[in-house]
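Bear in mind the structure is a predicted one, so any value in this text is a computation, not a measurement. Residue numbers run from 1 in the order of the sequence given. For the numbers below, each heavy atom of this structure counts, side chains included, while hydrogens, waters and symmetry mates do not.
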Amino acid sequence: MKPFSGLYYIKENKGKSLLVIFMLMLTTFIFVAGNYIHSVFWYWGKAIEYEDRIVMIDAISTDEDFRDYRAILEDLRKDGRVTVLERSARGYTGLSWDCTMGFEMGSSSFVFTSVEDMKTAFQHLGITCDYSNLKENSVVMSSALAKNRGLEVGDVLDQTVEKSISGTYTFDAMIDDDSFILFYIKNDGEQSMARAYIMSDELSGDALRQYISDVQNGRKLKISGKIKDEIDEQMDPFKLVFFVAIVLVSIILAVTINAVLTGQYVKRTYEFGVYRALGRSKGNVFRKVTGEILIMDLLAILTGFALMFLMIFLLNELLYKPSGKYLPYGSGMGILGFLLSNILVVIPTILLKGRKLAKADVTEF
């Protein structure tokens, strides 16, 4: 291996290089921090998916508005592509849960007037369920939500379980879809039917909402908002704090790593001066310094991510999954945060050290 190669110094000075590699490896912890924030979206993932497949509409309060609502339902039923499931206008609460970030969150719910309506919706959503024990006042939930709340099939759900629950229900079936949604079977009678679920095998998401809006045609009707928009709005402060923290942590890391490398490279100034005296250009010297730092950074990234994935695996299997929680193995926010941190640390280090050592002159010693 030639002495001028970027790997030569690292191989011959393992102890010093390992210190820098360890410090650069700290940028990979930003990746895990981003995953923790993104974990909130995991809990709401199925709710967001199902909301795209089934859109809820509401009648507004007055008699005239209710007539508009009934007329719109009739128009929707005329389209063979659309299925309409009516439900009570009364709100039904979900169950709160403890998320991976350590705070409590609320959840959404679906309400069906019969087991048959639930079957229709579940088949549309691709949910597998045992319907044999379901009846009026039954509740269905996922195994993840049940674990999170410490509930088992057969348990009674009332205000002792969740203060916002109105009535008494029985947890009669468990599904395995990781949704944090409560599915009720409750018929409040025809007089209270002022909400409905609209679903279609051909339309979903914005296309389904636009179709309902077209059928509405100016008549009074409330089309439910998108959960994802609400979650994004609530998570914006966390995202801001996250990226501000990245910048601050990266500045501290960059200063610290530069201080360590300054101590190492000061002792090598004569070495680079000799390279220059032997005919190496400033560009050659700059590329050697860049190569050394980038190789150490690559080793730090590979080692750091291996440790991070191992840590996430152990946390999930030993801590989170048994309690109905989950830490994602990857996220756009985690990757973006890591890249931002790594760039803020590595690029200034390369520029400061590379330019300084490229000016080394053997005649100064």
Exercise. Checking side-chain contact (heavy atoms from CB on, under 4.5 Å) for the pair I212/L221: CA distance, chi angles, key distance, verdict?
Worked result: CA-CA 10 Å; I212 297 171; L221 180 74; 4.1 Å; yes
Exercise. Could you go step by step and tell me if I350 and V289 meet the side-chain contact (heavy atoms from CB on, under 4.5 Å) rule?
Worked result: CA-CA 7 Å; I350 289 173; V289 175; 6.0 Å; no
Problem set entry | Atom CZ of R77: over 12 foreign heavy atoms under 6.0 Å | yes
Problem set entry | I343 reachable from V244 in the ILVMFWY side-chain graph, under 4.5 Å edges | no
Exercise. Would you call the rings of F122 and Y131 parallel, tilted or perpendicular, where under 30° means parallel and over 60° means perpendicular?
Worked result: tilted
Exercise. Honestly curious: do F31 and L314 fall in one hydrophobic cluster under the side-chain, below-4.5 Å linking rule?
Worked result: yes
Problem set entry | Inter-residue atom distance D155.CG - T160.OG1, 0.5 Å rounding | 9.5 Å
Problem set entry | F243-L240 co-clustered via ILVMFWY side chain contacts under 4.5 Å | no
Exercise. Do K288 and E292 sit within salt-bridge range, that is, some charged N less than 4.0 Å from a carboxylate O?
Worked result: yes
Exercise. Short question: side chain of T303, backbone of A300 - any donor-acceptor pair under 3.5 Å?
Worked result: no
For this session: Might you work through the side-chain contact (heavy atoms from CB on, under 4.5 Å) test for I127 and V140, ending with a clear yes or no?
Result: CA-CA 11 Å; I127 298 174; V140 177; over 6 Å; no
Problem set entry | ring pair (Phe, Tyr, Trp, His ring centres under 6.0 Å) between Y184 and F112, worked out | CA-CA 6 Å; Y184 291 89; F112 303 100; 9.9 Å; no
Seminar exercise, completed: Between G94 and E162 the two heavy atoms that sit nearest each other are O-CG, 4.0 Å
Exercise. Cut-off 3.5 Å, side chains only: do D206 and Q210 have a donor facing an acceptor?
Worked result: no
Exercise. Distance from S17 atom OG to I293 atom CD1, nearest 0.5 Å?
Worked result: 11.0 Å
Exercise. Can I165 and L95 be said to form a side-chain contact (heavy atoms from CB on, under 4.5 Å), step by step?
Worked result: CA-CA 8 Å; I165 288 181; L95 285 180; 4.1 Å; yes
Exercise. Do the side chains of H124 and I54 get nearer than 4.5 Å, heavy atoms only?
Worked result: yes
Exercise. Between K147 and E152, is the closest basic N to carboxylate O distance under 4.0 Å?
Worked result: no
For this session: Answer with yes or no whether the hydrophobic clustering places I60 together with M193; edges join I, L, V, M, F, W, Y residues whose side-chain heavy atoms lie under 4.5 Å apart.
Result: no
For this session: Please determine if D178 and K46 form a salt bridge, counting it only when a charged side-chain N lies under 4.0 Å from a carboxylate O.
Result: no
Problem set entry | Polar side-chain atom of R53 near backbone of S200 as donor-acceptor pair, under 3.5 Å | no
Problem set entry | Y197 and F110 aromatic ring geometry - parallel, tilted or perpendicular at 30°/60° bounds | tilted
Problem set entry | Validation row, ring centre W97 to ring centre Y43 under 6.0 Å | yes
Problem set entry | Any side-chain heavy-atom pair of I251 and L344 under 4.5 Å | no
Problem set entry | Close side-chain approach of F29 and V249, heavy atoms under 4.5 Å | no
Problem set entry | Distance (rounded to the nearest 0.5 Å) between T93 OG1 and L157 CG | 10.5 Å
Exercise. When you look at CD of E317, are more than 12 heavy atoms from neighbouring residues, nucleotides or ligands closer to it than 6.0 Å?
Worked result: yes
Exercise. According to a 4.5 Å side-chain heavy-atom criterion applied to Ile, Leu, Val, Met, Phe, Trp and Tyr, with indirect links allowed, do L310 and F305 form part of one hydrophobic cluster?
Worked result: yes
For this session: Kindly give the heavy-atom pair with the smallest separation between S109 and I181, and that separation in Å.
Result: CA-CG2, 3.9 Å
Exercise. Can the ring centres of Y50 and W44 be said to be less than 6.0 Å apart?
Worked result: no
For this session: Say whether, by atom type as modelled, one donor and one acceptor occur between the side chain of Q159 and the main chain of S166 under 3.5 angstrom.
Result: no
Exercise. Hydrophobic cluster mates of L298, side-chain heavy atoms under 4.5 angstrom, ILVMFWY only, any path?
Worked result: L302
Problem set entry | Within 6.0 Å of OH in Y329, more than 12 heavy atoms from elsewhere | yes
Exercise. Taking all non-hydrogen atoms of both residues, which atom of N35 and which atom of P328 are closest, and how far apart?
Worked result: ND2-O, 3.3 Å
Problem set entry | Heavy-atom pair of closest approach, residues V156 and V161 | O-CG2, 3.5 Å
Problem set entry | Side chains of T27 and S341, donor plus acceptor under 3.5 Å | no
For this session: Taking all heavy atoms of T168 and all of D158, pick out the closest pair and write down the distance.
Result: OG1-CB, 4.0 Å
Problem set entry | Side chain R219, main chain Q216, donor-acceptor under 3.5 Å | yes
For this session: May I ask you to check whether over 12 heavy atoms, not counting those of D176, lie within 6.0 Å of atom CG?
Result: no
Exercise. In terms of side-chain heavy atoms, does N284 have a donor or acceptor partner in S281 at a distance below 3.5 Å?
Worked result: yes
Exercise. With a 4.5 Å heavy-atom cut-off, do M141 and I175 have their side chains touching?
Worked result: no
Exercise. In terms of heavy-atom contacts, does NZ of K186 have more than 12 from other residues, nucleotides or ligands at under 6.0 Å?
Worked result: yes
Problem set entry | Rounded distance (nearest 0.5 Å) linking atom SG of C129 with atom CE of M118 | 6.5 Å
Exercise. With side chains defined as the heavy atoms from C-beta onward, is the minimum distance between R90 and R195 less than 4.5 Å?
Worked result: no
Exercise. Out of curiosity, H38 NE2 to L327 CG, how far, rounded to the nearest 0.5 Å?
Worked result: 10.5 Å
For this session: Ignoring hydrogens and angles, tell me if any N or O in the side chain of S213 forms a donor-acceptor pair with the backbone of R209 under 3.5 Å.
Result: no
Exercise. Can we say D58 and K220 salt-bridge, meaning some charged N sits less than 4.0 Å from an Asp/Glu carboxylate O?
Worked result: no
For this session: Indicate yes or no: at least one non-hydrogen side-chain atom of M25 is less than 4.5 angstrom from one of I301.
Result: no
Exercise. Atom CG of L319 and atom NZ of K325: how far apart are they, to the nearest 0.5 Å?
Worked result: 7.0 Å
Exercise. Side chains of S204 and M199: does their closest heavy-atom pair fall under 4.5 Å?
Worked result: no
For this session: Using modelled atom types only, decide if a donor and an acceptor are shared between the side chain of S142 and the backbone of S179 within a distance under 3.5 Å.
Result: yes
Problem set entry | Smallest separation among heavy atoms of D188 and S88, with atom names | OD2-OG, 2.8 Å
Exercise. Do you know which of T113, N187, T170 makes side chain to side chain contact (heavy atoms under 4.5 Å, CB included) with E136?
Worked result: N187
Exercise. Do we see a donor-acceptor contact under 3.5 Å between the side chains of D98 and N148?
Worked result: no
Exercise. Any side-chain heavy-atom pair from I57 and L73 closer than 4.5 angstrom?
Worked result: yes
For this session: Starting from the C-alpha separation in whole Å, work towards a yes-or-no answer on ring pair (Phe, Tyr, Trp, His ring centres under 6.0 Å) for F180 and W42.
Result: CA-CA 10 Å; F180 280 68; W42 176 79; 5.7 Å; yes
